[in-house]
Number of protein chains: 2
Amino acid sequence: MLSKSCVYSLRSIIFIAYHASKEVKVGIKEIAKELELPEPYLGKILQQLTKHKIILSVKGPHGGFYIEEEAEELKLIRVVEVVDGLDFFYSCGLGLKQCSETHPCPLHDDFKLYRDGLFTLFSNTSIADLVHKIDKGNAFIRNLTKD
Amino acid sequence: MLSKSCVYSLRSIIFIAYHASKEVKVGIKEIAKELELPEPYLGKILQQLTKHKIILSVKGPHGGFYIEEEAEELKLIRVVEVVDGLDFFYSCGLGLKQCSETHPCPLHDDFKLYRDGLFTLFSNTSIADLVHKIDKGNAFIRNLTKD
DNA sequence: ATAATAAAAGATAAAACACTCTTTTAATAT
DNA sequence: ATATTAAAAGAGTGTTTTATCTTTTATTAT
């Protein structure tokens, strides 16, 4: 559903929101190591997110990435939009170019239910929401051992 | 979500179920033209479906593809399984390798809801179900004009 | 000012997916 | 039997996604 670039993005942003601040930034190396992502590829992804002002970066010693407190209210859908685009949420389950209420594919209504549900989920959920779950120990973004 | 191969497969099977029988088969050319799919690629896809006995084929004059009456009860999930595999329906929304009830990602419960919903939809819906909708004029698999 | 650090940028490589072309094989109508 | 038809099979191309490598630029500590 979401591309690898997109899920890497989401997990990285969560990690940054959780571990970094304007005072203490986190670097590509640390993120890649902790989330077990390919480091150079992650570099490209974070570069893209920085360009779109979704995260902030500082070069040089003690440089790295962070996210502003307010920016944690950013909705997941915004990240999806920047990385993958929103095409999926407007697409037909059977790949029909023209599929609409007036000219629906035979799966239209049923598929729309879940596609719209996912759209609403990503639209209503913020990075902060996910960070809180991790904070409370109710969820994880790393592959094993504590978080 | 589903690959192009997969949606091409589903639409073709519906088309075959709707238009062909053991007596009157439909050829690649006709399917490709009606559904506006790349003909040689479609050939490969139908070849794969035939190999898996999802549809049947006959070579030579008046040859082509058809599907047995009973086979129309085939569930969509079986086609997805053969073409794309079922990985998506068991995968994590944030791409975590290990994501489970006991070690969930922060999106787990919400995402699971829709992922499972889609799985159930594809598991409960048969080709025949979709053909009926088209038959009644309530749905379409072609890009425009009547069906 | 200078050296060290870390991200940005650019160029390249590998893999997966989408698609095409050519040759072979099987079926059927004559 | 033979010619014709249409799918099967195999090899190959193009594009996108994922991933890597190298060089440059900006920042900071000394």
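The chains referred to below are lettered A, B, ... by the order of the sequence lines, with proteins before strands, and numbering in each begins at 1.
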S.K.: In whole Å, what is the span from the CD1 atom of Ile45(A) to the C1' atom of dA19(D)?
M.R.: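 It is 9 Å, rounded to the nearest whole Å.
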S.K.: What is the distance from NZ of Lys44(B) to C1' of dG12(D), rounded to the nearest Å?
M.R.: 11 Å
S.K.: Reckon Pro40(B) touches a base, only the sugar-phosphate, or nothing at all at heavy-atom distances under 4.0 Å?
M.R.: base
S.K.: Please enumerate all protein N or O atoms sitting under 3.5 Å from an N or O of nucleotides 4-8 of chain C, with distances to 0.1 Å.
M.R.:
{"unit_1": "dA6(C)", "atom_1": "O4'", "unit_2": "Gly60(A)", "atom_2": "O", "d": "3.0"}
{"unit_1": "dA7(C)", "atom_1": "OP1", "unit_2": "Ile28(A)", "atom_2": "N", "d": "3.1"}
{"unit_1": "dA7(C)", "atom_1": "O3'", "unit_2": "Ser57(A)", "atom_2": "OG", "d": "3.4"}
{"unit_1": "dA8(C)", "atom_1": "OP1", "unit_2": "Ser57(A)", "atom_2": "OG", "d": "2.9"}

S.K.: Taking only residues two or more places apart in sequence or in another chain, which ones pass salt bridge (charged side-chain N to carboxylate O under 4.0 Å, His left out) with Glu81(B)?
M.R.: Arg78(B)
S.K.: Quick one: list whatever passes side chain to side chain donor-acceptor pair (under 3.5 Å) with Ser126(A), sequence neighbours left out.
M.R.: Asp129(A)
S.K.: In whole angstrom, give the distance that lies between atom CG of Leu49(B) and atom P of dA7(D).
M.R.: 14 Å
S.K.: Quick one: is dA18(C) close enough that its OP1 or OP2 comes under 4.0 Å of any side-chain N or O from Tyr41(B)?
M.R.: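 Checking dA18(C) against Tyr41(B), a side-chain N or O does come within under 4.0 Å of OP1 or OP2.
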S.K.: Can you pull out every ring pair (Phe, Tyr, Trp, His ring centres under 6.0 Å) where at least one residue sits in residues 73-92 of chain B? Sequence neighbours excluded, please.
M.R.: Phe89(B)-Phe119(B)
S.K.: Atom CD of Glu30(B) and atom C1' of dA7(D): how far apart are they, to the nearest Å?
M.R.: 15 Å
S.K.: Nearest whole Å is fine: how far is dA27(C) P from Tyr66(B) OH?
M.R.: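 Rounded to whole Å, this separation is 11 Å.
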S.K.: Nearest whole Å is fine: how far is dC21(C) P from Leu42(B) CG?
M.R.: 15 Å
S.K.: By salt bridge (charged side-chain N to carboxylate O under 4.0 Å, His left out), which residues pair with Lys112(A), not counting sequence neighbours?
M.R.: Asp116(A)
S.K.: Got a sec? Which of residues 4-13 of chain B come in under 4.0 Å of DNA chain C, heavy atoms?
M.R.: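 Lys4(B), Ser5(B), Tyr8(B), in order of number.
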S.K.: Under the rule for side chain to side chain donor-acceptor pair (under 3.5 Å), what residues qualify as partners of Ser57(A), not counting sequence neighbours?
M.R.: none
S.K.: Side chains of Phe140(A) and Pro104(B), heavy atoms from C-beta outward: is any pair under 4.5 Å?
M.R.: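 A side-chain contact under 4.5 Å exists here.
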S.K.: Side-chain donor-acceptor pairs under 3.5 Å in residues 46-53 of chain B, sequence neighbours left out?
M.R.:
{"unit_1": "Thr50(B)", "atom_1": "OG1", "unit_2": "Leu46(B)", "atom_2": "O", "d": "2.7"}
{"unit_1": "His52(B)", "atom_1": "ND1", "unit_2": "Gln48(B)", "atom_2": "O", "d": "3.1"}

S.K.: According to a 4.5 Å side-chain heavy-atom criterion applied to Ile, Leu, Val, Met, Phe, Trp and Tyr, with indirect links allowed, do Ile13(B) and Val58(B) form part of one hydrophobic cluster?
M.R.: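 No, Ile13(B) does not connect to Val58(B) through the hydrophobic network.
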S.K.: Identify, with sequence neighbours excluded, every residue that meets salt bridge (charged side-chain N to carboxylate O under 4.0 Å, His left out) alongside Asp110(B).
M.R.: Lys133(A)
S.K.: Could I get the full list of side chain to side chain donor-acceptor pair (under 3.5 Å) partners for Ser3(A), not counting sequence neighbours?
M.R.: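 Counting only residues at least two positions away or on another chain, Ser3(A) forms a side chain to side chain donor-acceptor pair (under 3.5 Å) with Asp84(A).
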S.K.: Would you mind reading off the distance between Lys22(B) atom NZ and dA27(C) atom P, rounded to a whole angstrom?
M.R.: 13 Å
S.K.: Among all residues two or more places apart in sequence or in another chain, which pass the side chain to side chain contact (heavy atoms under 4.5 Å, CB included) test with Leu56(A)?
M.R.: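 Tyr66(A), Glu68(A).
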S.K.: Of the residues in residues 76-96 of chain B, which ones touch DNA chain D at a heavy-atom distance under 4.0 Å?
M.R.: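 Heavy-atom contacts with DNA chain D come from no residue of residues 76-96 of chain B; none.
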S.K.: Calculate the interatomic distance between Gln48(A) atom CD and dA19(D) atom P; express it in whole Å.
M.R.: 14 Å
